Amino acid sequence: MLAQISRWTLPTIIVLTALVAYRIAFMNVVEENLSEGRNEPYLIEPQHDIPLMVTDEQLYRVLDRVKPVASPVNTNNYVHALRLWGRNGDFDDAEKYISGEKMWSYFMDDNFFQQMAGSNVPPLFEMTPEGITVRGYDDDYNNFSTSSYHVDDLLATMAESGTSLDTPMIVRNGECQVRDVLNAAMKQFHLSRHEFEWSLISYGRYLYPKKRWHNRYGDKIDVEGMLDEIMTGRLTDGPCNGAHRLEALVVLYRADEQAQAFRPATRQRILAHMKHVSQRLVEAQSVEGYWTKKWPLGLEGSEDETAKKKWPLGLEGSEGETASLSDKILVTGHQLEWLALAPPEVHPPRENLVRASQWLVNAMLEIDEEDLFKRYGPLSHAARALCLWRSKDPYAAWAEGHEVYANQATVPAAPASEEYESGDSSEPNIELAPKADAPKADASDGAKEVESSESVE
Amino acid sequence: MAYDTTIVNNLHSDEIVEKEIPDCLQRDLLDSPYFPKLQRSVLIGIIALCVIFVLTSVNRLNHTDLWGHMNFGRWIVENQSLPSADPFALAATEAASERTFLNVPWLSQVLGYFVYQVMGAEGLVLAHAAIVTAACGVLMVAIRKREVNIYWAVAGGILAYILSLPVVGTIRPQLFGMLGAALVLLACVCMLTKRHPVFWLPVVFLLWANLHGSFVIGLAMLGLAVLGISWNVRKMAPNFQKTVYDSRFQTAWTTLAICTVACCINPIGPRLILSVLSFGGNTVLSGISEWRAMSPMSFTGILFFASVAMLFGCMRYSARKFELFDVLMLILFAVATFSSIRMLAWWALVLPFALAPHAELAWQKLRDREHAPEPADEVNGMATVIAMGFVFMTLLMAPPSQGLLSGRPRGITAVTATDTPIYLAAELNRRKIDAPIFSPMDWADYILWRNDGRMKPLVYSHVHLTDPETWNDYRELAIGSVDWYQITKKHGIKYVALSKSRNDSLAREVFLASQEDDPRVRVIYQDQQSILAEVLDVPDMLEEIAATEEPAA
């Protein structure tokens, strides 16, 4: 009897024992800590100083136009301003302009946030069971002006401002660190997202070269998948006409220059993509120097806007419309911004870059004061792009310029006769300044169109 | 040299050799009364089942109606009662469903919910693989009981798995039915010589009637078997009286009677049998692909016709006569499968069961051999060890068991089918939305599941609970009707969750409307798979809609 029982049960018992032993061996599963290791973000330094793109005085004049207005409170404007000016920004009219420190406190200290936005405004950051969450644009239409406009844009700005991960934060219901915001963001991240640009920028600056992790849904996120998302989609997919995807790509590329973790083939693939974009930009550039949202069409995209060509419409795309001045600034500024960080071998010829930047300077100087606030985001990108091409810290450039040029009323002409400092173009006598009448006409037309624009950048 | 001579001399006597071999080496033969020995053929069968387990466990949780059943399971457990009307339908539909509401598989829903509670989504995948493996294993035993060589029995189990591939990859209560059907086939064979099916088969039917409506298939199988047995007995008996007193005849009919009674032990009693039989007449089901007739060029069609060709091939070469029971089953399920794809699950079991004895003989004839006795298949303790090793390795390799054993479950995205709206559901949850919603019906199941059953979808995968008018409106919305706003307002829908690929027309319409500040709709979330939009109330348009509806009313 005993032998019979044994024959029936022994194999099962042995297999179960082996399984239990295996289970015990793997009992101590450690929760994946995403942000272990580096505490400081990678800083992607500018790599050019080309006065031909923008002179010191032009830069000052442009920067002077995009000083951060304190009121009304607008999170999106503050985050763009903080990104541009950093924590050092401190302007002459403290009533009108908000300082870098105050903007910093607005994001890092909920008490200050409540002072500025009002105590009845829901918190920007909140502790939840899923970690630190950020109130998004779509979450509360009654308070959208104090919300984050893009997924993980605040975190990306912290990274771009050099904020270390152990920086303390005071949120409405407790205290935390920037590390907690990063962990929650990366755990929530997935590649099916409509917007993932700022998440990738945050990843590139804080986490890279960590190549893979699992989000809270069990999805394996890896850097190759991210690169695929950027490089296999349509060029205009994503906010700001797809420019932030290019920015994310260049941030990853430059971060890898420090980490040296990509395979050579991957680096070549990234370079090839950036070069492809660059070629399209050359083809699509207008005579005046700007780009419109049709730039991915290349030569077709460069045609006059009156042609009003419809271009492939997708759910995430943007319908081809007559380009407004603000749209031109948006596209041109963003393109020059990522190009400033991109390796020189993928740049368009210097002539194209100079033409674009000079158009941008003039457009920035001529745009309506009212539109500056409405379209602060794109304008701040444009100003930052110009600073990057001069390797200048925006606040330092403004402060220096303020001492020299503040009392001069005129805007200097572009330095058409200067020699190129470097670059592959060998033609110094090209027309550098935009045609005098073109931007002006655009500026006045565009201003009207901007008034009706509600788009969020 | 002297040493070698000693060994050679010793080899002359087995007795001496046994004495020379140390005990520790003799134990390696595993010749212990306490340790089981397996035939090599059984080992092959176990390996085949391990392979089936691994292959099935690779399937992801398909969101056909799984999450709908899970919603019911949760509702039943939380409310400690069975629903009397559709608890997830919009108010109007819920009221209408009270008269016709029928939720047969309540037990599998509750079991599924408990499995999820204990082991999570990995547990469901594991249960899926276990049930399919068990069904194939039981079928192998049933075929073997027909005095078929065990290798052919194993082949029959594998054939059943292959034939059922279009349906067996999806976890649903019907899998319990497949296991039940395999057990019925086993009982049909056993009834010829043993009485024990009278005792255990009713228990199977009692459970089956509460696990899934396919128990009527089992009753049909059993009924045909009883007819077959009765026919055989009648042929051999001199008169009807002798037939009735034959033990096989009595066992068969007694089993059928008790099983039929066992099926009536369910929440609605004997009415269940009639309700299930009339289930296929629901007009809404005609819109569901699995209830449609088979297309010869589909994967299902190719499998079906290939199996029929295989059957005729075996008939051509087999010397064995087909039992009446086999013939009746083959005809019934061939016709049923041809008229409804869903019936392939039963054909996949019936065909190997009927075919294996003939395939074995046909194979022997083709190889021009007499019906030779089976080759020696000695029992061996080592075969048991190898089998244990295979089972152990299978559990380590199969993704769900590996995830559970290692304490690292794969996470919901790795376990579920790729079209499952995981991120959309998370977003709906984050926003705490619990208003009426339109979404693809299979998405609605998952959204409901993640939303703790708070949302009210226009239609979810239990379409048989939907009235035809709502179903038509659902289809209109799904294809992007120009009257989408009117339809949503008619049903009080506050949100539309759209698949960019399957509802591309409406998704595009809604997206563009939102971009153009159309007061009717506002997109509040989108990812690469979906769009979520809030359908707003526009007073003027609502009045207009009310005015057009009044005359109709």
Side-chain angles (χ1 to χ4, degrees), chain A residues 2-30 32 128 130 133 136-141 151 188-196 214-221 229 233 237 313-319 452 454-455, chain B residues 32-38 121-122 384-385 387-396 401-416 418 421-427 430-431 498 500 504 507-508 510-512 515-517 522-532 534:
Chain A
L2 186 63
Q4 197 171 6
I5 292 171
S6 170
R7 282 200 298 272
W8 277 103
T9 56
L10 198 56
T12 311
I13 290 170
I14 291 171
V15 171
L16 285 176
T17 307
L19 292 173
V20 168
Y22 181 86
R23 177 74 182 92
I24 290 168
F26 283 89
M27 276 289 272
N28 298 322
V29 176
V30 182
E32 192 176 22
T128 68
E130 285 77 40
T133 58
Y137 180 78
D138 296 321
D139 291 347
D140 183 357
Y141 282 99
V151 181
Q188 192 65 31
F189 178 74
H190 58 88
L191 290 171
S192 176
R193 262 190 190 164
H194 184 57
E195 284 185 3
F196 52 79
H214 287 89
N215 68 10
R216 72 173 72 261
Y217 309 98
D219 236 351
K220 191 173 86 174
I221 311 293
E229 278 301 320
D237 280 352
L313 173 67
L315 290 173
E316 296 83 28
S318 173
E319 195 162 8
S452 62
E454 294 289 331
S455 66
Chain B
S32 162
Y34 295 95
F35 194 78
K37 297 171 184 174
L38 286 182
E122 292 282 29
T384 311
V385 174
M388 286 161 55
F390 262 96
V391 171
F392 180 72
M393 290 308 296
T394 298
L395 291 172
L396 287 197
S401 47
Q402 213 283 333
L404 291 168
L405 283 170
S406 65
R408 295 189 184 97
R410 290 170 293 168
I412 195 72
T413 51
V415 172
T416 50
T418 48
I422 289 166
Y423 299 115
L424 172 69
E427 182 65 17
R430 191 182 71 81
R431 290 171 180 273
L498 304 168
K500 284 184 177 177
D504 55 336
R508 189 183 175 86
V510 163
F511 178 80
L512 290 177
Q515 288 286 90
E516 290 162 8
D517 293 331
R522 181 169 60 198
V523 170
I524 56 174
Y525 169 81
Q526 66 167 314
D527 55 33
Q528 295 181 31
Q529 180 190 37
S530 62
I531 277 189
L532 174 65
E534 186 177 1

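Please read these numbers as outputs of a predicted model, since none were measured by experiment. Letters A, B, ... mirror the listed sequences (proteins, then strands); counts begin at 1.
Rounding to the nearest 0.5 angstrom, the gap separating the NE2 atom in A/His190 from the OG1 atom in B/Thr413 is 10.0 Å. Here the straight-line distance linking atom CZ of B/Arg408 with atom NE2 of A/His214 works out to 10.0 Å at 0.5 Å rounding. Atom CG in A/Leu19 sits 11.5 Å away from atom CG in B/Leu404 (nearest 0.5 Å). Atom OG1 of residue A/Thr133 and atom CZ of residue B/Arg430 lie 7.5 Å apart, to the nearest 0.5 angstrom. The CD1 atom of B/Ile531 sits 8.5 Å away from the NE2 atom of A/His194 when rounded to the nearest 0.5 Å.
B/Leu395 touches chain A through its side chain: at least one heavy atom from C-beta onward sits under 4.5 Å away, while N, CA, C and O do not. Only the side chain of B/Leu396 has a heavy atom closer than 4.5 Å to any heavy atom of chain A. Only the backbone of B/Arg410 comes within contact range of chain A, with at least one heavy atom under 4.5 Å from a heavy atom of that chain. Proximity to chain A (any heavy atom under 4.5 Å) is restricted, for B/Gln402, to the side chain, taken from C-beta onward. Neither the backbone nor the side chain of B/Val415 comes within contact range of chain A, judged by heavy atoms closer than 4.5 Å.
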Just distance, no hydrogens or angles: give the donor-acceptor pairs under 3.5 Å from side chains in residues 4-16 of chain A, sequence neighbours left out.
{"residue": "A/Ser6", "atom": "OG", "partner": "B/Tyr34", "partner atom": "O", "Å": "2.5"}
{"residue": "A/Arg7", "atom": "NH1", "partner": "B/Pro33", "partner atom": "O", "Å": "2.7"}
{"residue": "A/Thr9", "atom": "OG1", "partner": "A/Ile5", "partner atom": "O", "Å": "2.8"}

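Heavy atoms of other residues, nucleotides or ligands lying less than 6.0 angstrom from CZ of B/Phe392 number more than 12.
Counting only distance, with no hydrogens or angles, the side chain of B/Gln528 and the backbone of A/Arg193 share a donor-acceptor pair below 3.5 Å.
Every residue meeting the ring-ring contact (aromatic ring centres under 6.0 Å, His included) condition with A/Tyr217, not counting sequence neighbours, appears here in chain and number order: B/Tyr423.
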